[in-house]
Engineer: 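Pasting a structure below so you can have a look.
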There are 2 protein chains.
Amino acid sequence: MARKQGSHADITGPKVRDAALRLFARHGFAAVSMRQIAAEVGVQAGALYLYTPDKQTLLFDLMRDHLEDLLASWQVPEGSAVDQLEAFCRHHIRYHLDRPELVFIAYMELRNLEPENFAVIEALRRQYEDRLEMILRAGQAARSFDLPDSKLAALAIIAMLTGVNTWYREGGRLARGDIEAIYWDMVRKAVAA
Amino acid sequence: MARKQGSHADITGPKVRDAALRLFARHGFAAVSMRQIAAEVGVQAGALYLYTPDKQTLLFDLMRDHLEDLLASWQVPEGSAVDQLEAFCRHHIRYHLDRPELVFIAYMELRNLEPENFAVIEALRRQYEDRLEMILRAGQAARSFDLPDSKLAALAIIAMLTGVNTWYREGGRLARGDIEAIYWDMVRKAVAA
DNA sequence: ACATTATCTGAACACACGTTCAATTCAAGC
DNA sequence: GCTTGAATTGAACGTGTGTTCAGATAATGT
């Protein structure tokens, strides 16, 4: 009894991705079986292989698309290095709070990637870090920032900002705008000349 | 052929923990089998159950002991809030760089803990965060620090400091003392009045 | 109305999982 | 030298794994 009403590839495909995203984020890639994903979608396990060649690719595609989307979602704006850094910080927080599951997976499941897939993801992440580091270097050249090490500062800032995802809960004590402001305030002071 | 020369419980017990630590850190709890751990120890899988009631407890014991050790390894020293914060930051980096595998597991494998075990670990982590927050509050009361939110600041600082573990490699560009100094510099400025 | 084809099922494959336990081995105590 | 008991093996238990595929189904194009 295949091809029930309204169940087409256009619908099932995204459903598979969504289910995998949700389950991987909650239980971890290794702890989730293809049968669990299939059950979440409402389909038998075999049907998943119409939408992904294997489980590994399912994970890899989620991570790659996430990072490519992150890179595409923001360009360094015109303005001073301070303005650029503020825009970066606010966008980082906003973007990450909007996609907690993707962010979580992209951080936690790196070791479950096969080497060649890992290299791709690593390169994309590096691009993102480099973008921040360029802003920091420019600000340092303009004497707006005082940093002992721009690479470390970039990594430290990203770690700090991404940390928001570990505690933020919808409807909590603070609005997103407040959080952006608080974190931007700390970053601004940390790099200040 | 049991009880080979020199193989006693005093030796095998720690070996099991060490092997589990190493393998969990490298591949993740869910991706490591009891047979792999046993092979690393040089024993059959059944023998592991002389040293742990089950796989879950093996993970939980590693995490609990790590956090209890972390809490025991440092007390808030006498001195100004600034001095206390510096001591905290330097100790945090030092302690975490010395135990990358335990730190990694304690962060990454939280979701593989059964609820009651999770609660224990969560409580220990909270204690550690609270200790930092107390320093920040004291410094704020003394007008040494200017913080919009001491709880967020504590979490942000810990996230930033722990981030060191994601990039630090033995024998790299920077010595540990340099790293401590760089991070402390950023923290100091970030919370400064 | 019929043929086509995208979509899905359900069973099977070979293997791995965590855990248990009777049987075995060997160092130590008497 | 004999008994005891801690340490370990090796096989077994039932269940689950990722993946494949022949066959069934139903919407679509003609």
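Order of the sequence lines fixes the chain letters, A, B, ..., with proteins taken first and strands second; residue numbering starts at 1 for each chain. Owing to the predicted nature of the structure, the values given are computational and were not obtained by experimental measurement.
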Engineer: Mind checking whether B/Asp18 and B/Lys15 have side chains closer than 4.5 Å, heavy atoms only?
Structural biologist: no
Engineer: If we check ring pair (Phe, Tyr, Trp, His ring centres under 6.0 Å) with B/Phe88, which of these qualifies: B/Trp184, B/Tyr128, B/Tyr95?
Structural biologist: B/Tyr128
Engineer: Looking at D/dT8, I'd like to know if its phosphate oxygens (OP1 or OP2) sit under 4.0 Å from a side-chain N or O belonging to B/Tyr49.
Structural biologist: no
Engineer: Find out whether the Lys NZ or Arg CZ of A/Arg22 is both under 6.0 angstrom from the six-membered ring centre of A/Phe24 and within 45° of the ring's axis.
Structural biologist: no
Engineer: Just to be sure I understand the rule, does B/Val41 reach a base, reach only the sugar-phosphate, or reach nothing, if contact means heavy atoms closer than 4.0 Å?
Structural biologist: nothing
Engineer: Does NZ or CZ of A/Arg125 fall inside the cone over A/Tyr107's six-membered ring, less than 6.0 Å from its centre and within 45° of the axis?
Structural biologist: yes
Engineer: Starting at CG of B/Leu58 and ending at C1' of C/dC17, how long is that distance when rounded to a whole Å?
Structural biologist: 16 Å
Engineer: I need the CD1-C1' distance between B/Ile37 and C/dC17, as an integer number of Å.
Structural biologist: 12 Å
Engineer: If only side-chain N and O atoms of B/Thr12 are considered, is one of them under 4.0 Å from the OP1 or OP2 phosphate oxygen of D/dA7?
Structural biologist: no
Engineer: Does the side chain of B/Asn117 come under 3.5 Å of the side chain of B/Gln56 through a donor N or O and an acceptor N or O?
Structural biologist: yes
Engineer: Once you round it to whole Å, what is the distance between P of C/dT9 and CE of A/Met34?
Structural biologist: 14 Å
Engineer: Between A/Arg35 and A/Ala47, which has a closest nucleotide on DNA chain C that is more 5'?
Structural biologist: A/Ala47
Engineer: Below the 4.0 Å mark, does D/dA11 have OP1 or OP2 next to a side-chain nitrogen or oxygen of B/Gln44?
Structural biologist: no
Engineer: Calculate the interatomic distance between B/Lys55 atom NZ and C/dA16 atom P; express it in whole Å.
Structural biologist: 15 Å
Engineer: Which sits closer to the 5' end of DNA chain C, A/Leu50 or B/Gly46, going by the nucleotide each is nearest to?
Structural biologist: A/Leu50
Engineer: What's A/Gln56 touching, base or sugar-phosphate or nothing? Going by heavy atoms closer than 4.0 Å.
Structural biologist: nothing
Engineer: Choosing from D/dT17, D/dG18, D/dA7, which nucleotide comes nearest the side chain of A/Gln36?
Structural biologist: D/dT17
Engineer: When the distance from CD1 of A/Ile11 to P of C/dA6 is rounded to whole Å, what number comes out?
Structural biologist: 17 Å
Engineer: Between atom CG in A/Leu48 and atom C1' in D/dG18, what is the gap in whole Å?
Structural biologist: 11 Å
Engineer: I want to check one thing: is the phosphate of D/dG16, taken as OP1 and OP2, less than 4.0 Å away from some side-chain N or O of A/Ser33?
Structural biologist: no
Engineer: If you check the A/Val43 side chain, which of C/dG18, D/dG18, C/dT9 turns out closest?
Structural biologist: C/dT9
